[in-house]
S.K.: 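Input: one structure, supplied below.
Side chains are part of it too, since the values below use all heavy atoms of this structure and drop only hydrogens, waters and symmetry mates.
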Amino acid sequence: MTTRNEGNVKICSCCGKYDEVHFEVHKQSVQHAFNFTLKSFHKYKKPLVKDRHGFNITCSLLGEKETTSYDGRKGRFTVKLTPERFNLRSKTLKFLFKLNNSSGCDSEYVVTMLHPHRYFSVEEKSGHNILILPKGETRSSTVTISEEDIDVGSFKMPIKFTINTHQEGVCDFDIYREIVIYINEEAQEDDTTSKSFQSIQWSNIDKEIPSLKSSNISSVYCIPEDIEKILKHGLVQSGNLTTKEELDRCDIVQVLNRLSRENYRNYFHYLLWLDETASALGLMHYNMSNVTMVAKKHLLILEIPGLAEKRPSVIVGDIIKIRLHNDHKVFSGMVANVNDQTVIIDHVHHAFVDFIKKHDNIELDVSFTLSRLLYERMHNAVHNCANKMDILFPVIKDAIKMDIEFPMIPGANNNTTTIPRLSRDLLFQKDIIGSNHEQRCAVENILAGSSGIAPYIIYGPPGTGKTVTIVEAILQITRKYPKRKILVCASSNRACDMLTMKLANFCSTKELYRVQSTNSRPGNTIDETVRNYSNMIDDTFTMVTSKDLMKYNIVVSTLHLIGKFKVGYNPDHLFIDEAAQATEPETCIPIGILQGVSQVVLAGDPKQLGPVVSSQVANRYGLAVSLMDRLMKENPLYMPLRKRPTLRYNERFLTMLLQNYRSHSDIIHIPNKLFYGNSLQPMPITADQLSSYCVSARVCCNSGNRWKPSSVEFCGVSSKEERNGSSPSYFNSAEKYMVVKYVKCLLTTLKDQFDIKPSDIGIISPYIRQVHKIRMALENCEIKGVEVGTTETFQGSEKRIIIISTVRAQHSLLKFDSKYKLGFVNNERRFNVAITRAKSKLIIVGNPTVLGYDRRCWSELIEYTEDMGSYFGAPYMPRNEFTRREIIKRIKNLKA
């Protein structure tokens with residue numbers, strides 16, 4: 001076992017990360033011993049698969065011939081068959097192993113499975129464990145797999161033959177064999193990928209022809225040359241650093257150890273430089289060689305394998321450099337558009353574009369260069385926010401100081417938790433808010449300015465009406481203070497569009513404005529309502545100035561784009577939706593443009609998806625912590641006043657919305673228990689009979705009475721995930737098959753009974769490759785209108801029916817997921833988002849054994865469905881300590 005340090009944690013080569021406090025305990029655990037034993041076995045099992053000492057073993061599948069193969073290097077016998085063929089065999093397969101003795105001596109042997117498994121059994125005609133094998137003869141043993149709940153999947157069983165030859169000088173030894181079974185609608189895909197990514201940094205460039213369009217990106221906050229080497233080393237002590245560099249490294253680490261008012265600028269400048277360094281290095285890894293491009297008019301179209309998985313993470317505005325293969329002359333262009341598999345490159349010198357047009361399939365090299373625009377805006381925002389510490393680090397004595405223009409808080413003092421109320425009843429645009437205590441409280445407090453200069457937080461768990469509350473508060477402000485300017489921001493265009501559409505129901509195009517970047521997205525992807533309220537004329541985005549924004553009462557923008565209007569636009573109120581998804585420097589962009597006394601409202605849920613950063617070092621030091629999350633964890637104004645029996649906060653500064661209007665009570669049960677202290681109150685929703693129908697019983701062809709109706713169903717699939725080459729994006733064909741089977745059932749058999757439309761169904765997978773596989777499968781079945789996407793795609797959305805494909809099937813790859821920020825296992829936020837999108841029916845398709853390693857989340861949900869009687873498919877067989885000890889014992893007894 002090897003270990004290495006990484007900050008305040010230690011890395012176990014067998015098991016992953018453990019904090020130092022528990023590391024010594026971990027080394028003594030059964031889990032560690034189990035992982036260490038498996039790793040050692042796979043490393044040293046090669047001699048075990050060989051036939052030796054005059055004994056050889058063959059294997060065949062009894063009955064009709066299927067697609068079979070044998071890999072002698074691994075001792076692996078593989079069978080592939082379709083679900084239909086498996087059903088014809090009554091869901092039972094028998095494998096005949098023949099052991100031949102040509103050693104010249106009578107022998108004895110024992111057949112043992114290396115781990116116990118419910119599906120597999122070993123049958124011996126003699127009925128005894130120890131079997132006699134006379135010299136020159138052959139004996140047979142049968143291994144059977146049988147289970148009525150299996151529809152698709154992949155299964156593996158390691159088997160050992162322990163042989164006692166009675167030969168002088170020959171000890172007992174084992175021969176190892178392995179059965180692998182694939183039950184799937186299609187063959188496993190080849191593990192191939194494009195060889196285009198070369199990770200080569202170009203050298204010997206004699207001449208560079210710049211892009212025809214300047215990037216117009218300032219370089220005020222470029223990475224300082226004197227610390228660039230330190231950042232590339234990840235702030236790790238290294239013998240390659242000079243004495244001065246080591247001193248600088250220590251100074252930077254000291255700054256990053258704790259964020260404060262005094263070190264705010266330096267703290268985030270360093271973190272942003274770390275993240276930029278990681279992003280630039282990561283992008284360089286995807287430099288491409290020997291590729292071709294298609295030239296259309298003045299544009300170049302480049303196909304990039306892996307782009308769908310956001311590798312490389314190319315965005316509009318990035319610089320792409322192109323040259324003839326191994327040439328010394330380089331042409332630069334700018335990314336104009338990014339699609340699923342291709343990027344459109346514009347502003348390349350026309351002569352070079354014409355040359356590519358004339359020479360089809362000419363080999364080119366491509367290099368990616370990071371656009372610094374977003375980093376510059378964040379750096380600038382952090383710099384501007386140095387005089388906004390009362391907002392970023394609020395304290396009670398500053399929070400109650402109000403400008404005379406805002407309503408005063410009567411009787412405010414350091415200890416009060418009194419909630420100010422308006423002198424008259426409000427007329428709400430949404431009647432439901434008037435009857436919802438928490439939503440009404442949030443609106444009234446925002447309108448009264450109860451938090452003073454401190455940000456007001458709307459803590460909105462899934463389905464509790466966070467966006468509705470924001471919209472209501474904005475409309476109440478415009479009604480009471482018609483001259484006030486309100487800025488509404490969110491991280492994504494999708495969230496901004498949703499806010500715009502909800503506000504558009506009450507605002508004219510002279511009051512509400514959705515400002516869009518002129519080159520960030522195709523116009524045909526924008527909703528018609530949003531287009532009418534935005535800077536789009538004749539399908540073209542027009543340029544907008546700060547003076548233009550001041551004409552409107554309400555402006556909606558992404559966090560990044562509003563940084564363009566840092567001079568001349570002065571809003572009185574700032575609302576940031578999905579605030580828990582943004583890094584603090586991103587949130588600083590709109591905060592930095594505020595002038596004088598302004599009100600800040602942060603809305604979101606730190607228990608759902610958080611910020612995404614490129615640098616693991618920056619992540620460890622806190623860049624992935626949003627401002628909202630930091631305030632709720634560190635600032636007494638926003639901490640719970642009471643945690644039990646239910647959470648309670650000081651509503652002058654934070655309101656937690658509690659009434660869940662989205663989901664059936666069964667669906668909200670687990671997240672409510674795990675993340676919200678059982679505070680959420682599932683509200684009666686319109687009766688939907690689908691909630692009380694067991695879809696899996698029909699899909700899995702089980703009509704017995706042991707299944708019970710529930711809004712949450714789990715379909716266990718023991719399967720093998722796949723990927724193309726080294727892509728971090730996996731797919732799972734068996735799960736895809738089951739997902740499509742569920743969709744077909746819902747849209748055919750159950751369509752009329754429950755009035756199900758394709759738009760009622762959403763399919764979530766954490767891997768973009770699985771998303772594309774499912775989309776293609778639905779298209780092949782001529783099923784249209786079902787939304788398929790990653791967890792990030794569905795945050796903030798809801799569907800009547802949600803089907804989740806978890807994909808992961810190997811525990812050993814969970815560390816891989818952690819590295820690439822993928823998957824559901826041990827990722828509480830992604831788990832929470834995925835399972836809280838459904839209104840009436842949540843169906844999970846996944847490998848229960850692997851998911852069960854996540855004891856806090858997935859194991860809890862799987863056991864919940866078992867208790868509810870809505871668990872189907874491959875049985876959940878968690879490896880407890882007894883099972884692990886038994887497997888360890890059997891492997892340790894192997895003799896080469």
Side-chain angles (χ1 to χ4, degrees), residues 82-84 87 149 151-152 184-186 463 661-668 684-717 732-765 770-790 793-794 797-806 834-846 865 868-873:
T82 65
E84 290 74 19
N87 283 326
D149 290 335
D151 277 316
V152 293
N184 207 340
E185 62 173 342
E186 56 191 36
Y661 295 99
R662 174 186 297 160
S663 304
H664 189 280
S665 57
D666 290 351
I667 296 172
I668 208 68
I685 57 176
T686 304
D688 188 342
Q689 292 181 338
L690 182 62
S691 302
S692 302
Y693 185 86
C694 195
V695 180
S696 297
R698 183 175 289 273
V699 171
C700 299
C701 303
N702 289 302
S703 56
N705 296 324
R706 56 179 171 145
W707 314 118
K708 298 178 182 178
S710 169
S711 283
V712 184
E713 300 178 17
F714 191 100
C715 177
V717 176
N732 189 312
S733 297
E735 287 188 18
K736 179 194 70 176
Y737 170 82
M738 288 305 300
V739 167
V740 173
K741 197 172 178 182
Y742 272 101
V743 174
K744 286 180 177 178
C745 178
L746 289 165
L747 294 180
T748 54
T749 310
L750 306 179
K751 177 182 178 181
D752 295 332
Q753 184 179 352
F754 298 106
D755 188 26
I756 301 173
K757 303 181 289 295
S759 58
D760 291 333
I761 304 173
I763 301 172
I764 301 176
S765 174
Q770 181 77 344
V771 168
H772 288 300
K773 293 287 184 183
I774 293 172
R775 283 178 183 164
M776 291 172 58
L778 293 176
E779 288 177 7
N780 292 338
C781 297
E782 298 184 350
I783 297 174
K784 299 179 181 179
V786 174
E787 185 175 2
V788 189
T790 61
T793 303
F794 277 87
S797 301
E798 61 183 29
K799 290 284 184 180
R800 183 183 175 195
I801 305 160
I802 286 289
I803 304 173
I804 299 175
S805 170
T806 61
I835 68 170
T836 54
R837 301 305 98 194
K839 297 164 69 176
S840 298
K841 180 68 71 174
L842 172 65
I843 300 168
I844 300 118
V845 179
T865 58
M868 297 284 286
S870 56
Y871 183 98
F872 296 81

S.K.: Using 4.0 Å as the upper bound for N to carboxylate O, is an ion pair formed by D688 and R800?
M.R.: yes

S.K.: Would you find a donor on one side and an acceptor on the other, under 3.5 Å apart, between the side chain of T865 and the backbone of Y871?
M.R.: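 No, because the side chain of T865 does not come within donor-acceptor range (under 3.5 Å) of the backbone of Y871.
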
S.K.: Answer yes or no: is there a side-chain heavy-atom contact under 4.5 Å between V788 and L778?
M.R.: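 Sidechains of L778 and V788: in contact.
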
S.K.: Determine whether the aromatic ring centres of residues F872 and F714 are separated by less than 6.0 angstrom.
M.R.: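 Between F714 and F872, the centre distance exceeds or equals 6.0 Å.
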
S.K.: Under 3.5 Å, is there a donor-acceptor pair between the S870 and E713 side chains?
M.R.: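 Judged by distance alone, the side chains do not pair up.
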
S.K.: Determine whether C781 and K744 make a side-chain contact, defined as any pair of heavy atoms from C-beta on separated by less than 4.5 Å.
M.R.: yes

S.K.: Can you name the nearest heavy-atom pair linking D666 to V712, along with the distance?
M.R.: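 Looking at all heavy atoms of both residues, the closest pair is O-CG2, 3.6 Å.
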
S.K.: Is S663 reaching over with its side chain to a backbone N or O of A838, donor-acceptor style, under 3.5 angstrom?
M.R.: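 A pair under 3.5 Å: yes.
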
S.K.: What distance separates D760 CG from I801 CD1, expressed to the nearest 0.5 Å?
M.R.: 5.5 Å

S.K.: Say whether S696 and Y742, considering side chains only, have a donor N or O and an acceptor N or O under 3.5 Å apart.
M.R.: yes

S.K.: To the nearest 0.5 Å, what is the distance between CG (N184) and OG (S733)?
M.R.: 5.0 Å

S.K.: Judged by atom type as modelled, is there a donor-acceptor pair below 3.5 Å linking the side chain of K841 to the main-chain atoms of Y693?
M.R.: yes

S.K.: Testing the basics here: between S710 and M868, what is the closest heavy-atom pair and its distance to 0.1 Å?
M.R.: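 Taking S710 first and M868 second, the nearest heavy atoms are OG-CE, 3.6 Å.
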
S.K.: At their closest point, which heavy atom of I756 faces which heavy atom of L746, and how far apart are they?
M.R.: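 Nearest pair, atom of I756 first, then L746: CD1-O, 3.6 Å.
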
S.K.: Can you tell me how far apart NZ (K799) and OG (S759) are? Round to the nearest 0.5 Å.
M.R.: 6.0 Å

S.K.: How far does CD1 of I802 sit from CD1 of I843, to the nearest 0.5 angstrom?
M.R.: 10.0 Å

S.K.: If you take all heavy atoms of V740 and A777, which pair is closest and at what distance?
M.R.: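 So the minimum-distance heavy-atom pair works out to CG2-CB, 3.7 Å.
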
S.K.: List the steps and the verdict of side chain to side chain contact (heavy atoms under 4.5 Å, CB included) for L690 and D755.
M.R.: CA-CA 9 Å; L690 182 62; D755 188 26; over 6 Å; no

S.K.: Between I803 and I764, is a side chain to side chain contact (heavy atoms under 4.5 Å, CB included) present by the stated rule, with each step listed?
M.R.: CA-CA 6 Å; I803 304 173; I764 301 176; over 6 Å; no

S.K.: Test side chain to side chain contact (heavy atoms under 4.5 Å, CB included) on C745 and L750; report intermediate values, then the result.
M.R.: CA-CA 6 Å; C745 178; L750 306 179; 4.0 Å; yes

S.K.: Any side-chain heavy atom of R837 sitting closer than 4.5 Å to one from L842?
M.R.: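 No, their side chains stay 4.5 Å or more apart.
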
S.K.: Applying side chain to side chain contact (heavy atoms under 4.5 Å, CB included) to S711 and S840, what does each step give before you reach the verdict?
M.R.: CA-CA 6 Å; S711 283; S840 298; 5.7 Å; no

S.K.: To the nearest 0.5 Å, what is the distance between OG1 (T836) and CD1 (I667)?
M.R.: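 It is 10.0 Å, given to the nearest 0.5 Å.
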
S.K.: Hey, what do you get for CD1 (I835) to CD1 (I804), rounding to the nearest 0.5 Å?
M.R.: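 If we round to the nearest 0.5 Å, I835:CD1 and I804:CD1 are 7.0 Å apart.
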
S.K.: Check whether any side-chain heavy atom of M738 lies under 4.5 Å from a side-chain heavy atom of V699, and answer yes or no.
M.R.: yes

S.K.: With a 4.0 Å cut-off, would you call E798 and R662 a salt bridge?
M.R.: yes

S.K.: If you take all heavy atoms of Q770 and S805, which pair is closest and at what distance?
M.R.: NE2-OG, 3.0 Å

S.K.: What closest approach, in Å, do K757 and L747 show between heavy atoms, and which atom pair accounts for it?
M.R.: C-CD2, 3.8 Å

